[in-house]
Enquirer: 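My questions all concern the structure below.
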2 protein chains.
Amino acid sequence: MKRRNTPTTEAVLNVLKKTGKAMSQDAIEQKIEIEINRATIYRVLNRFCEDGILHKVVAEDSKQYFALCLECDKNQESIHHFHFRCIKCETIECLPGEVNFSIPDKYKVKNVNCVLTGTCDECS
Amino acid sequence: MKRRNTPTTEAVLNVLKKTGKAMSQDAIEQKIEIEINRATIYRVLNRFCEDGILHKVVAEDSKQYFALCLECDKNQESIHHFHFRCIKCETIECLPGEVNFSIPDKYKVKNVNCVLTGTCDECS
DNA sequence: TAATTATTGCAACAATATCGCATTACATGA
DNA sequence: TCATGTAATGCGATATTGTTGCAATAATTA
């Protein structure tokens with residue numbers, strides 16, 4: 001299934017590039033210039049995730065946030081990093097540090113979802 | 001506001017003690033002997049969280065999971081640990097390791113939500 | 001330019017979680 | 001033991017988030 005370039009896909013990517021942060025569908029819809037259906041935004045976001053262009057985090061507000069994969073490796077085995085969610089400015093940013101954990105051999109970790117919540121630099 | 005002992009509160013606590021894992025409202029409702037309303041279970045769980053008896057994690061399935069605070073300190077500053085969610089047996093367990101992260105000074109972390117997902121010891 | 005098929009919008013749906021309000025029942029003091 | 005204040009509960013309604021089916025649209029390419 002080959003992907004197609006559409007105004008929608010470009011607009012979504014541009015918003016994410018511009019803010020440089022992880023955003024929810026809702027936040028994206030608000031910041032975007034053109035009008036895009038909610039379901040479509042989700043589909044675009046999920047498609048980008050499949051393609052390794054975006055990654056998804058679920059914060060403890062139970063919402064999904066999507067961000068550009070920068071240092072993420074395209075060869076699947078992405079380096080998992082922490083995310084910081086500021087409750088004041090309501091943004092989520094990817095933190096540079098890698099997530100380290102130790103776990104018994106037999107356990108197989110397929111996904112890592114780490115979000116720290118609090119107030120960020122500017123809001124503290 | 002003084003807490004009261006009710007069959008509901010005891011039943012919920014007992015289920016969590018018995019399994020020793022983090023459970024969702026749904027899982028608790030299924031395992032419990034008596035019939036308790038959904039909203040009530042949520043209220044009981046949230047009350048226990050306020051009292052520092054339980055702690056809550058949100059997994060990347062966007063659901064809330066509640067577990068007994070064992071090594072959690074009652075003096076608020078609880079030691080944050082990783083959680084492991086097995087997609088096969090659909091349970092979440094608290095891992096012993098502490099979550100270590102570094103973050104710029106001005107940032108203030110108020111909550112840590114870390115969930116690893118995959119297959120556990122028994123299901124691998 | 002026509003044809004193929006990925007993409008979109010709309011509406012409906014599912015699931016999780018919360019809230020208001022009337023009712024019930026726990027716990028305490030008399 | 002009983003009466004009373006009020007925390008806890010059940011019910012229904014509601015909010016929010018995210019997904020899906022289907023028909024219509026539009027991007028690619030030959």
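Lettering follows sequence order; numbering is per chain, from 1.
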Enquirer: Under the 4.5 Å side-chain heavy-atom rule for ILVMFWY, direct or indirect, which residues accompany Ile87(B)?
Expert: none
Enquirer: Spell out protein contact along nucleotides 5-18 of chain C as letters: B when the base is contacted, S when just the sugar-phosphate is, - when no protein heavy atom is under 4.0 Å; keep the 5' to 3' order.
Expert: BBSBBB-----SBB
Enquirer: For Arg3(A), what residues pass the side chain to side chain donor-acceptor pair (under 3.5 Å) criterion, not counting sequence neighbours?
Expert: Glu50(A), Asp51(A)
Enquirer: May I have the list of side-chain donor-acceptor pairs in residues 19-27 of chain B shorter than 3.5 Å, sequence neighbours left out?
Expert:
unit_1, atom_1, unit_2, atom_2, d
Thr19(B), OG1, Val15(B), O, 3.4
Thr19(B), OG1, Lys21(B), N, 3.3
Lys21(B), NZ, Thr91(B), OG1, 3.2
Ser24(B), OG, Ala27(B), N, 3.2
Gln25(B), NE2, Glu29(B), OE1, 2.5
Asp26(B), OD2, Gln30(B), NE2, 3.1

Enquirer: Rounded to whole angstroms, how far apart are CD on Gln30(A) and P on dT16(D)?
Expert: 12 Å
Enquirer: Rounded to whole Å, how long is the line connecting atom CD of Glu29(A) with atom C1' of dT17(D)?
Expert: 12 Å
Enquirer: Could you pull out all residues at least two apart from Asn5(A) that satisfy side-chain contact (heavy atoms from CB on, under 4.5 Å)?
Expert: Thr9(A), Glu10(A)
Enquirer: Check which hydrophobic residues are tied to Val57(A) through side-chain heavy-atom contacts below 4.5 Å, counting indirect links as well, and list them.
Expert: Val115(A)
Enquirer: Taking atom P of dG10(D) as reference, at what distance in whole Å does atom CD1 of Ile32(B) sit?
Expert: 10 Å
Enquirer: Could you check how far CE of Met23(A) sits from P of dG18(D), rounded to whole Å?
Expert: 14 Å
Enquirer: Taking only Lys NZ, Arg NE, NH1 and NH2, and the carboxylate oxygens of Asp or Glu, determine whether Glu122(B) and Lys106(A) approach each other closer than 4.0 Å.
Expert: no
